[in-house]
Peer 1: 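Right, I'll just put the structure down here and ask away after.
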Amino acid sequence: MSNLQDHKLNVYEQLCTSYRAIDDFRAKLLGLLPLATGAGIFLLVNDKKKIEAAEPYLLPIGLFGFVVTLGLFCFELHGILKCNHLIKAGIELEKRLGINKKEGQFIKRPLGVIGFINEPFAAGVIYPAVLAAWAFLAMDFKLKQDCSAFNLFQDATWAIWVFIFGFIVTFVYNLSLILPAHLAKREKKPRD
């Protein structure tokens, strides 16, 4: 093997390691964030004495949780972008190394379940849901409210809009990343 081929293989190994590290961290964060949020909110509101003591502070607690989650969401969006660039670089390196299309982890990478359900889609559900929970805690949680489904839905207007906005932003972002790959795949298909 030539030095150039060795160098390409070394770069490919480093690229694979970087991709796995980023993807692994994002997956852990995606799994832990809703659990930590749910546990934190549950611990805050499961005892009537705790909630009565905390009620005046629910707005700042909710805003703090919202802002921290928003920061993590921005970090996630950047992680998605980095992974997307690493995937593109991986595909290019696999082509240059002559890795066949059935073996290359980047070339053969599926685009998503039914075309768009992938890691960014999952982030687009989980992060807006957590943001909505913090928004609800900050803006609409009331100790003495009637807990009927209708009243919760009516009182959760801010939270619902937070979720919808976050989901739409992430869904559009996801589409902007996957559409070029779908179009490229479509152009490569032989026409009968």
Side-chain angles (χ1 to χ4, degrees), residues 1-40 64-134 162-190:
M1 246 188 218
S2 71
N3 285 340
L4 181 60
Q5 190 75 355
D6 288 341
H7 176 70
K8 286 179 187 177
L9 280 172
N10 189 20
V11 170
Y12 182 71
E13 287 174 15
Q14 290 175 2
L15 186 137
C16 290
T17 301
S18 294
Y19 176 78
R20 271 189 237 106
I22 293 169
D23 199 45
D24 185 50
F25 179 76
R26 286 178 45 227
K28 287 176 183 171
L29 193 57
L30 206 57
L32 289 175
L33 182 66
L35 290 174
T37 299
F64 176 76
F66 185 89
V67 169
V68 169
T69 303
L70 184 61
L72 291 171
F73 188 35
C74 292
F75 185 75
E76 172 69 12
L77 293 175
H78 183 68
I80 290 168
L81 185 63
K82 286 192 328 190
C83 280
N84 191 53
H85 284 290
L86 289 171
I87 290 166
K88 288 178 182 176
I91 290 169
E92 191 59 37
L93 266 172
E94 287 174 350
K95 287 177 184 175
R96 288 182 183 178
L97 288 167
I99 296 173
N100 113 21
K101 292 183 181 184
K102 293 181 181 177
E103 295 172 358
Q105 70 172 320
F106 295 108
I107 290 175
K108 73 173 187 174
R109 186 177 190 279
L111 295 174
V113 177
I114 63 171
F116 67 90
I117 299 175
N118 52 15
E119 300 97 328
F121 183 84
V125 172
I126 292 172
Y127 279 96
V130 173
L131 286 167
W134 286 116
V162 165
F163 176 79
I164 290 170
F165 180 76
F167 179 78
I168 290 171
V169 165
T170 312
F171 188 75
V172 169
Y173 182 60
N174 185 22
L175 287 179
S176 75
L177 295 174
I178 62 174
L179 277 178
H182 281 293
L183 293 174
K185 205 172 202 180
R186 186 179 223 173
E187 287 175 8
K188 288 181 183 176
K189 283 186 179 177

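Just so it is clear, the values below take in all heavy atoms, side chains as well, and ignore hydrogens, waters and symmetry mates. Small disclaimer: the values here were computed from a predicted structure and weren't measured.
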Peer 1: If you define the side chain from C-beta out and look only at heavy atoms, does anything of I107 sit under 4.5 Å from K95?
Peer 2: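 Yes, their side chains come closer than 4.5 Å.
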Peer 1: Any side-chain heavy atom of F121 within less than 4.5 Å of one from V113?
Peer 2: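 No, their side chains stay 4.5 Å or more apart.
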Peer 1: What side-chain donor-acceptor pairs closer than 3.5 Å can you find for residues 19-32, not counting sequence neighbours?
Peer 2:
residue : atom : partner : partner atom : Å
Y19     : OH   : R109    : NE           : 3.4
Y19     : OH   : R109    : NH2          : 3.3
D24     : OD2  : K28     : NZ           : 3.1
R26     : NE   : E76     : OE1          : 3.4
R26     : NE   : E76     : OE2          : 3.0
R26     : NH2  : E76     : OE2          : 3.2

Peer 1: Which heavy-atom pair separates G166 from F73 by the least distance, and what is that distance?
Peer 2: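 Here G166 and F73 meet closest at O-CZ, 4.2 Å.
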Peer 1: For L177 and L81, what are the C-alpha separation, side-chain angles and deciding distance, and is it a side-chain contact (heavy atoms from CB on, under 4.5 Å)?
Peer 2: CA-CA 8 Å; L177 295 174; L81 185 63; 4.3 Å; yes
Peer 1: Check whether E94 reaches the backbone of Q105 with its side chain - one donor and one acceptor, N or O, closer than 3.5 Å.
Peer 2: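 Between the backbone of Q105 and the side chain of E94 there is a qualifying donor-acceptor contact (under 3.5 Å).
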Peer 1: Of the non-hydrogen atoms in P34 and I126, which two are nearest, and what is the gap between them?
Peer 2: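 Nearest pair, atom of P34 first, then I126: CG-CG2, 3.7 Å.
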Peer 1: Using every non-hydrogen atom in the two residues, find where A123 and P128 come nearest and quote the distance to one decimal.
Peer 2: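 Nearest heavy atoms, A123 then P128: O-CD, 3.4 Å.
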Peer 1: So, taking the atom named OG in S18 and the one named CG in L15, what distance separates them when rounded to the nearest 0.5 Å?
Peer 2: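 Between atom OG of S18 and atom CG of L15 there are 6.5 Å.
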Peer 1: Looking at every non-hydrogen atom in both residues, tell me the closest pair between L70 and L131 and how far apart they are.
Peer 2: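 Minimum heavy-atom separation between L70 and L131: N-CD2, 3.6 Å.
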Peer 1: So, are E92 and K88 salt-bridged, with charged N and O less than 4.0 Å apart?
Peer 2: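 A salt bridge is absent here (no side-chain N lies under 4.0 Å from a carboxylate O).
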Peer 1: Would you say the side chain of F163 lies within less than 4.5 Å of the side chain of Y127, judging by non-hydrogen atoms?
Peer 2: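 No, side chains not in contact.
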Peer 1: Could you name each residue pair satisfying side chain to side chain donor-acceptor pair (under 3.5 Å) that touches residues 165-181, not counting sequence neighbours?
Peer 2: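 For residues 165-181: N118-N174.
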Peer 1: Report the residue from V11, I99, L9 that forms a side chain to side chain contact (heavy atoms under 4.5 Å, CB included) with L93.
Peer 2: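 The residue from V11, I99, L9 that satisfies side chain to side chain contact (heavy atoms under 4.5 Å, CB included) with L93 turns out to be V11.
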